[in-house]
Amino acid sequence: MEVDILEKGAILQRDKETFAVAPHIPGGFIRVADFRKLLDTAEKYNAAALKMTSGQRIAVVGLKETDLDAFWNDVQMNIGYAIGLCVRMVKFCPGTTYCRHGKQDAMGIGMVLDKEYHGRFLSAKFKIGVAGCEYACNAPLFKEVGLTGFPDGWKVTAGGTCGAKPRMGDIMGENLNDADAMEMVSRVFHFFEKSDSPPKVRLGRIIDKMGIDEFKKAVGV
Amino acid sequence: MEKSDILTKGAILQRDQETYAIMARLMGGVMDVATGRRIADAAEKFGVEMLKVTGDGRLALIGVKEENIDAAYGEMGFKAQAGTALCQQYIKVCPGNTFCPRGQKDTLDLARRIDERFYPYPKISAKVKIGIAGCFNSCAEPAIKDIGLIGLPKGWTLMVGGAGGKDPMIAEIIARNLSDDEVLEIMEKLLKYYRGLSSRPQTRNLRLGVILKKEGKERLLRICGLD
């Protein structure tokens, strides 16, 4: 039976025959020239549709298994880890680069975090969100690690989920500068990486089980 | 005069206080290659270098000059006035059982029906975000939308009052096992009620979740015919 092909970032579709792939587009920011290349490649391999995803990617839907390698070769983009037990994405907003509400450089930090963490394998899915202001347009509070930008620095939250059992993240620190916020992300990530929880148990569940005080102690807050 | 967002065109003023971001109007975030090309053409024609897939799965063109907004929409084949309601009433949809093996329900079709019936729904003074997920995994994040739907084998679970932004709230489930038609009927009542509250000063600009807390779930259930 056909299944998802993780190493090719290919997600089996409903027809049990074709696949969707989601090239890596950090933060969803894509230059028009690259977008065109994506369209051309999608057309070349007879994609059924393109879909903007919740992970700020553009999924190319309906590719044949035999075309997957050629697609990746032609499109010249990296694999986006839309599936599997790993850091699924670092979602970020335009921050102070484009948005007039931006209080912190969400795009700058987002790009750094993306480079460091995107695709790292873990025991469960792990999502990171960075919003440049308190309007929080990518809902960082509902990610495993969320950064929200305020005039005096970042608020970092941990343990959010938005799936079958939604959970708001707990505050790990406030008014943090860029370096301290990234240090906090690192601590939470490494706590989770080292935890011996069974597969598919997300961070929020672990925090609920051990208690927020214990968790904070464990990550050194 | 200082510039601001142009709500009637769904144009968002950028940090440079000069150019705007506008959104391609894509039902459920799905497009074909030809539509993508029209978007790329419009972007190039009007000097846009960067596109952004947003947190809600929309595609934004960043850096459109005010005088080019209408023409850019035209080039893409979308109506300019589509913008406002798009901002206020965006429907975030997962691929549902059209594409996804996990999908239990046809999310894209329900989104189309909601869009046809309610769009644009005028005179609501706060944003109404809708999320439709075809299975329990909730990739369209219905729990943090004003109106959230989860497709399960026996029908739709309807939840109300979620928000993911400044004042986050997890939506409350108000009905289960609904058919497509039942969802539309309840939404009709809900939006009518919400529109009524929108015209009163004390309840103006409040998100549905705040209304739910203020007025109580019982009242909401009664109004939606669910008591």
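Hydrogens, waters and symmetry mates play no part in the numbers below; they use all other heavy atoms, side chains included. In what follows, chains are A, B, ... by sequence order, proteins preceding strands, each numbered from 1.
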Discussion item. With heavy-atom distances below 4.5 Å as the criterion, would you say the side chains of B/Val93 and A/Met52 are in contact?
Written reply: no
Item to complete: Enter the distance from A/His101:NE2 to B/Gln14:CD here, rounded to the nearest 0.5 Å.
Response: 9.5 Å
Worksheet item: Does a side-chain N-to-carboxylate-O contact under 4.0 Å join A/Asp105 and B/Arg15?
Response: no
Worksheet, complete the sentence: Given A/Gly27, A/Ala20, A/Gly55, the one with more heavy-atom pairs under 4.5 angstrom with chain B than any other is A/Gly27
Fill in: With sequence neighbours excluded, residues passing salt bridge (Lys or Arg N to Asp or Glu O under 4.0 Å) with A/Lys165
none
Fill in: A/Tyr98 OH to B/Ile12 CD1 distance, which is reported to the nearest 0.5 Å
14.5 Å
Worksheet item: How close do B/Asp5 and A/Arg100 get, heavy atom to heavy atom, and via which atoms?
Response: OD1-NH1, 2.7 Å
Worksheet, complete the sentence: residues 122-140 of chain A vs chain B, non-hydrogen distance cutoff under 4.5 Å, contacting residues -> A/Glu134, A/Tyr135, A/Ala136, A/Ala139
Practice prompt. Could you check which of A/Thr96, A/Ile58, A/Thr53 has the highest count of heavy-atom pairs closer than 4.5 Å to chain B?
Written response: A/Thr96
Practice prompt. Take B/Asp41 and A/Arg36, measure what side-chain contact (heavy atoms from CB on, under 4.5 Å) needs, and give me the verdict at the end.
Written response: CA-CA 9 Å; B/Asp41 289 345; A/Arg36 255 192 213 288; 2.6 Å; yes
Worksheet item: Which of the residues A/Gly62, A/Gly160, A/Cys99 is involved in the greatest number of heavy-atom pairs with chain B at under 4.5 angstrom?
Response: A/Cys99
Item to complete: Heavy-atom distances under 4.5 Å only: say whether B/Cys94 touches chain A with side chain, backbone, both or neither.
Response: backbone
Worksheet entry | side-chain contact (heavy atoms from CB on, under 4.5 Å) evaluation trace for B/Asn97 with A/Arg14 | CA-CA 7 Å; B/Asn97 67 11; A/Arg14 186 142 192 116; 3.5 Å; yes
Fill in: Value rounded to 0.5 Å, distance of CD in A/Gln56 from CG in B/Leu59
11.5 Å
Discussion item. Please rank B/Ile170, B/Thr98, B/Asp32 by heavy-atom pairs under 4.5 Å with chain A and give me the top one.
Written reply: B/Ile170
Worksheet item: So which bits of residues 71-93 of chain A come within less than 4.5 Å of chain B, counting non-hydrogen atoms only?
Response: A/Lys91, A/Phe92, A/Cys93
Fill in: Gap separating the CD1 atom of A/Ile30 from the CD atom of B/Glu49, nearest 0.5 angstrom
14.0 Å
Worksheet item: Looking at CD1 of A/Ile25 and NZ of B/Lys52, how far apart are the two atoms once the value is rounded to the nearest 0.5 Å?
Response: 10.5 Å
Response to the item:
Among B/Ile150, B/Ile144, B/Asn137, B/Thr19, the residue with the most heavy-atom pairs under 4.5 Å to chain A is B/Ile144
Fill in: Residue pair A/Leu39 / B/Val33: nearest heavy atoms and the distance that separates them
O-CG1, 3.9 Å
Worksheet item: Counting a contact as any heavy-atom pair under 4.5 Å apart, which residues of residues 156-168 of chain B contact chain A?
Response: B/Ala163, B/Gly164, B/Gly165, B/Lys166, B/Pro168
Response to the item:
So, the part of B/Met27 with a heavy atom under 4.5 Å from chain A: the answer is neither
Worksheet, complete the sentence: Interatomic distance, CZ@A/Phe29 vs CD1@B/Ile62, rounded to 0.5 Å, equals 5.0 Å
Worksheet, complete the sentence: Of the listed A/Asp40, A/Thr18, A/Asp34, A/Thr148, the one with the largest count of heavy-atom pairs under 4.5 Å with chain B is A/Asp40
